[in-house]
Amino acid sequence: MKKIQAVLKDIAQKTLLLAGLIDEAMKAGVLTQDGANDLARRVGVSGYLTHSLETMICWTALDRDDPDFVEELRVLEVSACDFVCWMDGAVGQLQGALQQTCVAGGS
């Protein structure tokens with residue numbers, strides 16, 4: 001349960017960070033409108049994933065002995081972790097692109 005809550009917190013924090021970086025990258029000319037829209041659509045998945053995880057938390061008290069439920073929860077947890085990894089990669093790429101822009105602009 002605590003692991004799911006930690007993943008939910010991580011998704012929320014990284015969603016806010018990525019949203020801010022998307023805005024900053026667009027202003028700096030590092031990201032096109034199409035690129036920003038694509039990232040925004042992908043980040044939008046976090047809402048569905050978060051809702052699913054929150055629903056699973058509610059159901060856990062009732063169904064934790066059901067093997068099918070346990071498997072669904074495991075798959076959802078893996079999906080959430082994969083999504084967090086994708087967000088980390090997107091954040092890293094945008095931060096790297098912004099740093100390159102700052103270095104190029106300062107030279």
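In this structure Asp23 satisfies the salt bridge (Lys or Arg N to Asp or Glu O under 4.0 Å) test with no other residue, sequence neighbours excluded.
Lys27 and Glu24 are not joined by a salt bridge, as no carboxylate oxygen comes within less than 4.0 angstrom of a charged side-chain nitrogen.
Nearest heavy atoms, Ile11 versus Ser46: CG2-CB, 3.6 Å. Nearest heavy-atom pair across Ala80 and Val7 is CB-CG1, 3.5 Å. Across all non-hydrogen atoms, the minimal contact from Ile22 to Ala40 is CD1-N, 4.3 Å. The heavy-atom pair separating Ala28 from Thr101 by the smallest distance is O-CG2, 4.3 Å.
Separation of atoms CZ (Arg42) and CG (Asn37) is listed at 12.5 Å; rounding is to 0.5 Å. Interatomic distance, Leu49 CG to Glu77 CD, rounded to the nearest 0.5 Å: 11.0 Å. With rounding to the nearest 0.5 angstrom, the CG atom of Leu94 is 9.0 Å from the CG atom of Leu17. Atom CG of Asp82 is separated from atom CE of Met87 by 13.5 Å, given to the nearest 0.5 angstrom. Here the NZ-CG distance, from Lys14 to Leu21, works out to 12.0 Å after rounding to the nearest 0.5 Å.
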Audit row: Trp86, Val43, side-chain contact (heavy atoms from CB on, under 4.5 Å) steps and yes/no: CA-CA 10 Å; Trp86 172 82; Val43 170; 4.2 Å; yes
Leu31 and Leu39: CA distance, side-chain angles, deciding distance, side-chain contact (heavy atoms from CB on, under 4.5 Å) verdict: CA-CA 10 Å; Leu31 189 62; Leu39 283 173; 4.0 Å; yes
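Hydrophobic clustering keeps Leu16 apart from Phe83 (ILVMFWY residues linked when any side-chain heavy atoms are closer than 4.5 Å, directly or through intermediates).
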